[in-house]
Amino acid sequence: MQNALIFVFQTLVELYIITFVLRLILQWIRTDARNPLVQFILRVTNPLVIPLRRYVPTAWGFDTATFIVLFVIQASVTTALLNVACAVTPTVGQIILLSLLRLTHLALNTYLFLILTYVILSWISPGGYNPAASLLSSIVQPALRTLRRWIPTIAGIDLSPLFAFLIITFVMRLLPSGQAITGLACASVGGII
């Protein structure tokens, strides 16, 4: 029963964290704020971001307030999960490192899912318009456009999503993940992972 509750808690919080990741991506690519999905993401994240913006300014075009909220939520979840999973209390350094690793994995998994959805939509409804397809296109196209410079289409088939999958999966395999992260934190009593 405890594992099921942890799974539900972790899934709900990760969905909320994904909205902050998407907010950062949407602000980075400067997408159209009139899109209903963009408005949903802004409304869900505004209660935590807007108050912090009064004290934390944007730096070099990067929304630092959103990142701070994102990191604090992830660090809180990581701390709670480590306290449940480990017999020892994690150190601040462990929490920061593990939170950054978990955020990186979550962002990469989210981007993989967005690319896959974009590809499937391009097969099902090529050239059709809806707000979700427009938003997916604005998020995925910058990365795919970069890959298309080096990877030409073959017989009219765009292979850039395949190479994007390979690159993201390669990066994800370089980083420790899942139980390995928890195992590192639980095994290292000394403080440094």
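Only a predicted model underlies this, so the values are computations on that prediction, with no experimental measurement involved.
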Atom [atom1] in [X], atom [atom2] in [Y]: separation rounded to 0.5 Å?
| X | Y | atom1 | atom2 | value |
| --- | --- | --- | --- | --- |
| D63 | L70 | CG | CG | 10.5 Å |
| T66 | L22 | OG1 | CG | 12.0 Å |
| I115 | I120 | CD1 | CD1 | 12.0 Å |
| F170 | F163 | CZ | CZ | 14.0 Å |
| L98 | Q74 | CG | CD | 9.5 Å |
| T104 | N109 | OG1 | CG | 11.0 Å |

Walk me through it: do V44 and Y16 pass the test side chain to side chain contact (heavy atoms under 4.5 Å, CB included)?
CA-CA 8 Å; V44 167; Y16 192 52; 3.4 Å; yes
Under 3.5 Å, is there a donor-acceptor pair between the side chain of [X] and the main chain of [Y]?
| X | Y | result |
| --- | --- | --- |
| H105 | L100 | no |
| T169 | L166 | no |
| D158 | T153 | no |

Heavy-atom pair of closest approach, residues [X] and [Y]:
| X | Y | answer |
| --- | --- | --- |
| A65 | R53 | CB-CG, 3.8 Å |
| S160 | R148 | OG-NE, 3.5 Å |
| I73 | L48 | CD1-CD1, 3.9 Å |
| T19 | I41 | O-CG2, 3.5 Å |

Is it the case that N46 and R23 place a side-chain donor and acceptor less than 3.5 Å from each other?
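Yes, R23 and N46 have a side-chain donor paired with an acceptor closer than 3.5 Å.
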For a quick test of your reading: what N or O donor-acceptor pairs under 3.5 Å do the side chains of residues 132-140 make, sequence neighbours left out?
unit_1	atom_1	unit_2	atom_2	d
S138	OG	T31	OG1	3.4
S138	OG	S134	O	3.4
S138	OG	L135	O	2.8

Results of side-chain contact (heavy atoms from CB on, under 4.5 Å) for F62 - residues two or more places apart only:
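Listed in chain order: L24, T64, F67.
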Who are the ring-ring contact (aromatic ring centres under 6.0 Å, His included) partners of F113, not counting sequence neighbours?
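ring-ring contact (aromatic ring centres under 6.0 Å, His included) list for F113, sorted by chain: empty.
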